[in-house]
Q: 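Got a structure for you, written out below as structure tokens; questions coming shortly.
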Amino acid sequence: QVQLVESGGGLVQAGGSLRLSCAASGRTFSAYAMGWFRQAPGKEREFVAAVNWNGGSTYYADSVKGRFTISRDNAKNTVYLQMNSLKPEDTAVYYCAAPRDWGFRTKIDEYIYWGQGTQVTVSS
């Protein structure tokens, strides 16, 4: 089993920044891609960003491209999401997730391990 624990959420004004962290345990962290997803009230969970096993490839949703940066530190079994220029529409619970299989995974149904989520609220 894989355990994922997010941290770093909070309340920030529009235009501000937050950095989310996700600590992983339970399998060889460096062998798998990792992803961040979010779910706003009344909406479905959506893809935000993914990073491949060594951090060399990243992929972003159009809505966050140029503002968010996903990265990982395999020595610390941790994946990060740096969020800049935050907007009120970024308000959501943010989830870290790990896929079932090897390879670069960007689709929500490819991810089967989920953290408990961390709330991000952006005020206008």
Side-chain angles (χ1 to χ4, degrees):
Q1 281 290 351
V2 176
Q3 293 79 43
L4 303 170
V5 179
E6 301 100 335
S7 60
L11 173 65
V12 63
Q13 288 188 331
S17 298
L18 281 175
R19 189 195 197 201
L20 306 183
S21 299
C22 172
S25 61
R27 70 178 183 185
T28 305
F29 176 77
S30 59
Y32 295 87
M34 292 292 294
W36 285 97
F37 297 79
R38 67 186 181 186
Q39 188 166 16
K43 295 188 177 181
E44 294 187 352
R45 193 171 298 187
E46 65 176 5
F47 170 81
V48 174
V51 61
N52 77 330
W53 68 278
N54 67 354
S57 294
T58 56
Y59 186 73
Y60 298 93
D62 288 343
S63 58
V64 307
K65 203 172 295 182
R67 300 188 297 122
F68 290 11
T69 302
I70 188 171
S71 62
R72 66 190 297 161
D73 185 338
N74 286 344
K76 295 182 179 180
N77 285 3
T78 301
V79 61
Y80 305 97
L81 186 67
Q82 177 67 43
M83 305 185 294
N84 298 330
S85 301
L86 282 161
K87 305 175 181 180
E89 51 264 44
D90 294 319
T91 295
V93 177
Y94 282 72
Y95 297 91
C96 170
R100 176 184 58 244
D101 300 318
W102 293 357
F104 195 20
R105 306 293 174 179
T106 61
K107 294 181 172 56
I108 191 169
D109 58 4
E110 295 176 314
Y111 285 76
I112 62 169
Y113 301 108
W114 296 86
Q116 81 287 354
T118 185
Q119 177 71 46
V120 172
T121 303
V122 184
S123 62
S124 57

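What you see is a predicted model, and the numbers here were worked out from it, not measured in a lab. Throughout, residue positions are numbered sequentially from 1 according to the sequence presented.
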Q: Asn84 side chain to Ser17 main-chain N or O, any donor-acceptor pair under 3.5 Å?
A: no

Q: Taking only residues two or more places apart in sequence or in another chain, which ones pass side-chain hydrogen bond (donor to acceptor under 3.5 Å, both in side chains) with Asp73?
A: none

Q: Does any part of the side chain of Arg45, heavy atoms only, come nearer than 4.5 Å to the side chain of Trp114, both counted from C-beta?
A: yes

Q: Are more than 12 heavy atoms from other residues, nucleotides or ligands located less than 6.0 Å from atom CD of Gln13?
A: no

Q: Kindly give the heavy-atom pair with the smallest separation between Arg72 and Asn54, and that separation in Å.
A: CD-C, 4.3 Å

Q: Please give me the minimum heavy-atom distance between Ala50 and Tyr111, naming the atom from each residue.
A: CB-OH, 3.8 Å

Q: Which residues pass the salt bridge (charged side-chain N to carboxylate O under 4.0 Å, His left out) test with Lys107, sequence neighbours left out?
A: none

Q: Mind listing the closest non-hydrogen atom pair of Pro99 and Ala33 along with its distance?
A: CD-O, 3.0 Å

Q: Taking atom OG of Ser63 and atom CD of Glu89, what is their separation to the nearest 0.5 Å?
A: 9.0 Å

Q: Answer yes or no: does atom CH2 of Trp53 have more than 12 heavy-atom neighbours from other residues, nucleotides or ligands under 6.0 Å?
A: no

Q: Between Ser71 and Gln82, is the side chain to side chain contact (heavy atoms under 4.5 Å, CB included) condition met? List the steps.
A: CA-CA 8 Å; Ser71 62; Gln82 177 67 43; over 6 Å; no

Q: Apply side-chain hydrogen bond (donor to acceptor under 3.5 Å, both in side chains) to Ser123 and list each qualifying residue two or more places apart in sequence or on a separate chain.
A: none

Q: Just to verify, what does Arg19 make a salt bridge (charged side-chain N to carboxylate O under 4.0 Å, His left out) with, not counting sequence neighbours?
A: none

Q: Side chain of Glu6, backbone of Ser21: donor and acceptor closer than 3.5 Å?
A: no

Q: Under the rule for side-chain hydrogen bond (donor to acceptor under 3.5 Å, both in side chains), what residues qualify as partners of Thr121, not counting sequence neighbours?
A: Gln119

Q: Shortest non-hydrogen contact from Ala98 to Arg27?
A: CB-NH2, 3.6 Å

Q: Look at the side-chain heavy atoms of Ile, Leu, Val, Met, Phe, Trp and Tyr, link any pair under 4.5 Å apart, and say whether Tyr95 and Val5 land in one connected group.
A: no

Q: For residues 20-124, which residue pairs pass the disulfide bond (SG atoms under 2.5 Å apart) check, not counting sequence neighbours?
A: Cys22-Cys96

Q: Does Glu46 have any side-chain contact (heavy atoms from CB on, under 4.5 Å) partners at least two apart in sequence or in another chain, and if so, which?
A: Arg38

Q: For Lys43 and Gln39, which heavy atoms make the closest approach, and how far apart are they?
A: O-NE2, 3.1 Å

Q: Any side-chain heavy atom of Lys87 within less than 4.5 Å of one from Arg67?
A: yes

Q: Who passes salt bridge (charged side-chain N to carboxylate O under 4.0 Å, His left out) against Arg105, sequence neighbours left out?
A: Glu110

Q: Whether the side chain of Thr78 engages the backbone of Lys76 through a donor-acceptor N/O pair (distance < 3.5 Å, no angle test) should be reported.
A: yes

Q: Are Leu11 and Val93 connected in a single hydrophobic cluster, I mean Ile/Leu/Val/Met/Phe/Trp/Tyr linked by side-chain heavy atoms less than 4.5 Å apart?
A: no

Q: Using links of under 4.5 Å between side-chain heavy atoms of ILVMFWY residues, direct or through other members, which residues join Val79 in one cluster?
A: Val2, Leu4, Val12, Leu18, Leu20, Phe29, Met34, Trp36, Val48, Val51, Tyr60, Val64, Phe68, Ile70, Leu81, Met83, Leu86, Tyr94, Ile112, Tyr113, Val120, Val122

Q: For Asp62, check side-chain hydrogen bond (donor to acceptor under 3.5 Å, both in side chains) against everything at least two apart and list the hits.
A: Lys65

Q: Check whether any side-chain N or O of Asn52 sits under 3.5 Å from a backbone N or O of Gly55 as a donor-acceptor pair, and report yes or no.
A: yes

Q: Other members of the hydrophobic cluster containing Trp102, with the 4.5 Å side-chain heavy-atom rule, please.
A: Tyr32

Q: Between Phe47 and Tyr59, how do the two ring planes meet: parallel, tilted or perpendicular, split at 30° and 60°?
A: tilted

Q: Which heavy-atom pair separates Ala92 from Ala40 by the least distance, and what is that distance?
A: CB-N, 3.8 Å

Q: Does anything in residues 115-124 pair up under salt bridge (Lys or Arg N to Asp or Glu O under 4.0 Å), and if so which pairs, sequence neighbours excluded?
A: none

